[in-house]
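Start at 1 with the first residue, then count along the sequence. When a ligand or atom number is given, it counts from 1 through the structure's own listing order.
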Amino acid sequence: MTYQRWTLRTANTSYTVRLSPDGPWAELDAWGPLGVEDGPSALDWSRRTHFITPADAAPAEYLPYGLRPFTGSELVVRGPGEDRGVWWEFDGAEESDGGLRLAFTDEVTGLRTVLCYQTVPGTDVILRWTEFTATAELRLERLDSAAVNIPVTGAARLTYLAGQWSQEFQRTQVDLPRGTFTIGSLQSVPGHAYAPWLAVQDAQDVQSAYGVALEWPGNWHITAEAEPGGTVRVRAGRVPHEGAVHLAPGETLTTPRLACAFSPDGLDGLSRVWHRYERRLSGDRLHRPRKVLYNSWEATGFDVEAAGQLELAKVAADIGAELFVVDDGWFTGRADDTGGLGDWYPDPEAFPQGFDRFVADVRALGLDFGLWVEPEAVSPGSRLYAEHPEWVYRIDGRPARLVRNQLLLDLGRTDVQDFVIGTLDRLLGAHGIGYLKWDMNRPPTERGRPGAGPADLVDLDAEHVAGYLRVLDHLRAAHPDVTVEGCAGGGGRIEHATLARTDVVWPSDNTAPLDRLRIQHGFLHAHAPHVMSSWVTDAPGIFDPRPRSLAFRFVNAMCGVLGIGADLRAWTPEQRAEAARWIARYKEVRDVVHHGEARLLGTPDDPTCGVQYDAGDRTVVAALSTGRLDGAPLLPGRPARLRLRGLDPAARYRDTATGTSYGGAHLLHHGLPFAWSAEHDADLVVLRRL
Ligand code: DGJ
């Protein structure tokens with residue numbers, strides 16, 4: 001049979017869609033390495049159905065409820081007073097450079113749905129989204145971005161990043177032979193519980209890996225359904241807060257983009273596909289060196305005052321930090337977390353000689369200066385709240401609950417966006433600020449906008465997202481030299497829309513060494529090293545008292561963008577000298593760490609694990625001993641080994657510190673040796689290819 005087919009090609013992959021022989025829908029023909037489309041589709045099926053319809057069995061790219069009644073649809077639509085359902089016809093295809101648009105129209109509802117595809121040059125990512133245009137009023141109760149189909153022989157192996165505050169990005173796996181698996185958030189941010197990211201493999205053959213990531217900093221879901229005929233079908237999209245999105249006649253609504261990735265090299269290869277994609281998201285800001293930061297939050301908490309901060313800044317500068325960031329606590333009314341948010345003026349008591357003088361003193365030490373803000377937050381006792389109680393989310397007649405003693409501004413309102421933009425312009429324009437940390441510490445609870453009309457006509461979640469992105473876009477355009485850090489009580493708002501508009505993100509408030517190792521291991525499956533902010537803090541940490549050396553904490557933090565968060569005033573001269581040595585080494589290798597190809601070596605469950613970075617003729621290996629006993633330190637006392645990957649077996653590599661040289665085959669087969677002890681639990685090896 002010949003079908004109408006379209007193939008999208010990325011650097012190393014093909015994605016072929018065809019018009020189904022069974023009905024008016026698009027379905028997947030092939031997805032995998034380049035050329036995978038050359039042969040009968042592996043997703044083809046017998047066309048025998050009993051008790052379901054062909055649409056229910058098809059590897060459909062996108063189907064509405066109506067056409068696909070039983071096995072999960074991406075779109076649920078209802079006209080006012082009408083029954084649910086869409087029955088559409090194919091309405092033409094448009095192909096462009098790396099792009100494809102497939103249109104479907106339903107005459108009864110008047111809905112035109114366009115499935116959109118776009119390859120991303122230089123990556124193995126295909127972006128997918130959907131556009132809806134109405135001729136009559138409609139309610140979209142489900143409006144997923146896309147569905148992807150993955151053939152499996154038995155169960156699907158799903159890898160996802162789960163957790164909670166202070167335990168984000170825990171790499172978690174489940175095998176799904178049948179049934180439905182869902183992750184998501186209703187917190188109007190991606191949340192700490194799950195990253196909007198999923199990897200799918202055939203549990204019997206994990207050689208290849210498929211992945212999706214949703215670009216949406218609001219409510220979302222990703223659902224995987226293991227179907228009887230040997231496929232898993234993943235649907236993903238936003239979740240409207242009001243239960244449905246209203247579409248007015250003539251209006252076009254665009255869903256968030258779902259990035260779809262494939263690697264023939266398993267989860268490790270898939271992570272490199274995502275890293276490359278995120279390097280592209282950073283655009284020309286990728287090559288702006290990420291400065292070594294000092295942040296005083298863990299050292300001084302809310303107890304911010306100029307003299308103490310300068311004392312910290314002085315030591316930070318001495319050991320080689322390049323940037324000093326004052327976190328929460330610098331503004332009026334902020335003695336603790338019960339007040340101050342919304343009134344963004346430096347506290348004159350904390351800076352008796354003036355804030356500008358303080359900033360100048362920090363800068364005189366050779367440090368850039370950064371400041372923390374939480375622009376969406378408001379304290380009930382603030383002047384802002386007294387002046388604009390209508391700016392917070394609330395439902396008339398219902399109590400306004402506090403989370404972390406604060407309320408949330410309705411950033412979907414243009415006047416609130418303008419206030420936030422005005423505040424940030426004032427701060428960035430008035431003071432010498434080169435770095436801004438944007439935090440967010442409470443999800444909306446009583447989420448309403450009094451006076452906005454019937455609840456089903458507003459789309460609060462999407463409006464908040466649009467407001468957030470508008471402010472971030474403004475920051476980039478109006479203050480291009482300011483580096484922006486994204487944070488939401490740690491890693492609560494990390495996804496591609498945020499990553500495209502910030503320079504670094506804060507994966508977790510938990511900086512305790514072994515916990516952090518696990519958080520970063522999960523994080524690096526989905527996200528690139530150049531966005532991963534990581535601090536060296538004091539031991540024992542507040543979350544995890546298991547001891548690790550200062551070297552371990554440095555090597556761990558050097559796996560991304562190095563920062564220091566310890567109380568340096570209490571550090572001994574020896575500790576400061578050691579820190580200075582690590583910072584100097586980091587500066588030598590950070591271009592490899594941030595721009596090279598990263599490979600995760602082992603896992604934090606292993607006695608030794610690490611990360612390998614390759615760029616040009618250099619290979620940097622961060623090696624960490626998790627302290628688990630594997631017998632290596634006992635008789636006969638052979639060192640632990642970390643096998644490297646991706647090297648040329650025929651080439652030779654020299655350790656730039658010790659001069660030891662190794663054949664590539666040796667490093668691939670036996671690995672680098674590490675003779676760990678209680679004091680020596682981490683190392684950074686730099687190899688140069690000869
Ligand atoms: C939560 C952030 O994740 C921390 O790094 C710190 O900025 C605090 N908020 C400050 O309140």
With a 3.5 Å cut-off and no angle check, do the side chains of Tyr393 and His464 form a donor-acceptor pair?
yes
Could you tell me whether the side chains of Gln417 and Arg470 share a donor-acceptor contact shorter than 3.5 Å?
yes
For His221, which residues count as a ring-ring contact (aromatic ring centres under 6.0 Å, His included) partner, sequence neighbours excluded?
none
Any luck finding a side-chain donor-acceptor pair between Glu278 and Trp274 under 3.5 Å?
no
Are the ring centres of Trp438 and Trp372 closer than 6.0 Å?
no
Row check, Tyr345 ring normal vs Arg426 NZ/CZ: under 6.0 Å, within 45°
yes
What residues come within 4.0 Å of ligand 1, counting heavy atoms only?
Trp297, Asp327, Asp328, Trp372, Arg404, Lys437, Asp439, Asn441, Cys487, Gly489, Gly490, Trp506, Asp509
